[in-house]
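Beneath this line is the structure, given in structure tokens, with notes to follow.
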Amino acid sequence: MELRNNLYEVESVDKEMSRVTVRLKLDSVIYSAHFPGNPVTPGVCIIGMAVEAFGLLEGHTWRIDEVVNAKFLAVMSPASTPTAHFTFSRTVETPGGVKTSVLVTDTEGKALSKLTVRIVISDKRLKINDK
């Protein structure tokens, strides 16, 4: 399942800063299960959002090859953290894909997650306005 437009909406894509800003959707079915009345973004969804965000910067869809490192430093919730920034750094080519580090922050710059993932490209071309 693509998370974009189901769990979050894209607010902006800044290719110069290697940053994608998203707004979490409180009415997402994911939050009705995780957890009702106290919505928390699952770690696997944060990783999935990062991979989708990288695709928006690069113009392709990607899939996870390996989660090298994942640190969840603070709760990411549509109630308390409706907007999040995914900023990419240290992106290096690997056989068949790339390895990239992602810092997820709130609007005040507080770190929510730090990720390093190895991802591989899939065939589909992706445009920012794709739904």
Verify whether one side chain among Thr105 and His85 offers a donor that lies under 3.5 Å from an acceptor in the other.
no
For the side chain of His34 and the backbone of Val40, is there at least one donor-acceptor N/O pair under 3.5 Å apart?
yes
Considering residues at least two apart in sequence or located in another chain, which fulfil the salt bridge (charged side-chain N to carboxylate O under 4.0 Å, His left out) criterion with Arg23?
Glu11
Non-hydrogen atoms of Leu3 and Cys45 that approach each other most closely:
CD1-O, 3.5 Å
Applying side-chain contact (heavy atoms from CB on, under 4.5 Å), run through Arg63 and Ile119 and close with a yes or a no.
CA-CA 6 Å; Arg63 63 179 175 78; Ile119 54 180; over 6 Å; no
Is there side-chain contact between Val22 and Val20, with heavy atoms separated by less than 4.5 Å?
yes
Could you give the distance from CZ (Phe86) to CD (Glu52), rounded to the nearest 0.5 Å?
9.5 Å
Side chain to side chain, Met49 and Tyr8, heavy atoms closer than 4.5 Å
yes
If two hydrophobic side chains count as joined below 4.5 Å and joins carry through other members, does Phe35 share a cluster with Val75?
yes
Does some side-chain heavy atom of Leu112 sit less than 4.5 Å from a side-chain heavy atom of Thr81?
yes
What residue pairs, at least two apart or across chains, pass salt bridge (Lys or Arg N to Asp or Glu O under 4.0 Å) with a residue in residues 24-43?
Glu9-Lys25
Can you name the residues that form a side chain to side chain donor-acceptor pair (under 3.5 Å) with Thr91, not counting sequence neighbours?
Thr100
Determine whether Ile30 and Pro42 make a side-chain contact, defined as any pair of heavy atoms from C-beta on separated by less than 4.5 Å.
yes
Taking only residues at least two apart or on different chains, which pairs with a member in residues 95-106 satisfy salt bridge (Lys or Arg N to Asp or Glu O under 4.0 Å)?
none
Could you tell me which non-hydrogen atom of Pro39 sits nearest to which non-hydrogen atom of Gly37, and how far apart they are?
CD-C, 3.7 Å
Between Gly55 and Trp62, what is the shortest heavy-atom contact and its length?
CA-CD1, 3.6 Å
For Ile46 and Phe72, what are the C-alpha separation, side-chain angles and deciding distance, and is it a side-chain contact (heavy atoms from CB on, under 4.5 Å)?
CA-CA 9 Å; Ile46 295 170; Phe72 303 104; 4.1 Å; yes
Consider only side-chain heavy atoms of I, L, V, M, F, W and Y, link residues closer than 4.5 Å, and tell whether Leu103 and Leu56 are in one cluster.
no
Looking at OG of Ser32 and CG of Leu26, how far apart are the two atoms once the value is rounded to the nearest 0.5 Å?
10.5 Å
Going only through I, L, V, M, F, W and Y residues with side-chain contacts under 4.5 Å, is there a path from Ile64 to Ile121?
yes
Could you tell me if the side chain of Lys114 sits less than 4.5 Å from the side chain of Val102, heavy atoms only?
no
Candidate pair Tyr31 and Ser77, rule side-chain hydrogen bond (donor to acceptor under 3.5 Å, both in side chains), full reasoning:
CA-CA 9 Å; Tyr31 293 126; Ser77 166; over 6 Å; no
Donor + acceptor pair across side chains of Thr83, Thr107 (<3.5 Å):
no
Side-chain contact, heavy-atom cut-off 4.5 Å: Val98 with Phe54?
yes
Between Lys15 and Leu57, what is the shortest heavy-atom contact and its length?
CE-O, 3.4 Å
Considering only residues two or more places apart or on different chains, which pairs with a residue in residues 64-77 satisfy salt bridge (Lys or Arg N to Asp or Glu O under 4.0 Å)?
Glu66-Arg118
Please enumerate all residues that pass side chain to side chain donor-acceptor pair (under 3.5 Å) together with Ser101, with sequence neighbours excluded.
Arg90, Thr116
Starting at CG of Asn5, measure out to OG of Ser28 and round the result to the nearest 0.5 Å.
11.0 Å
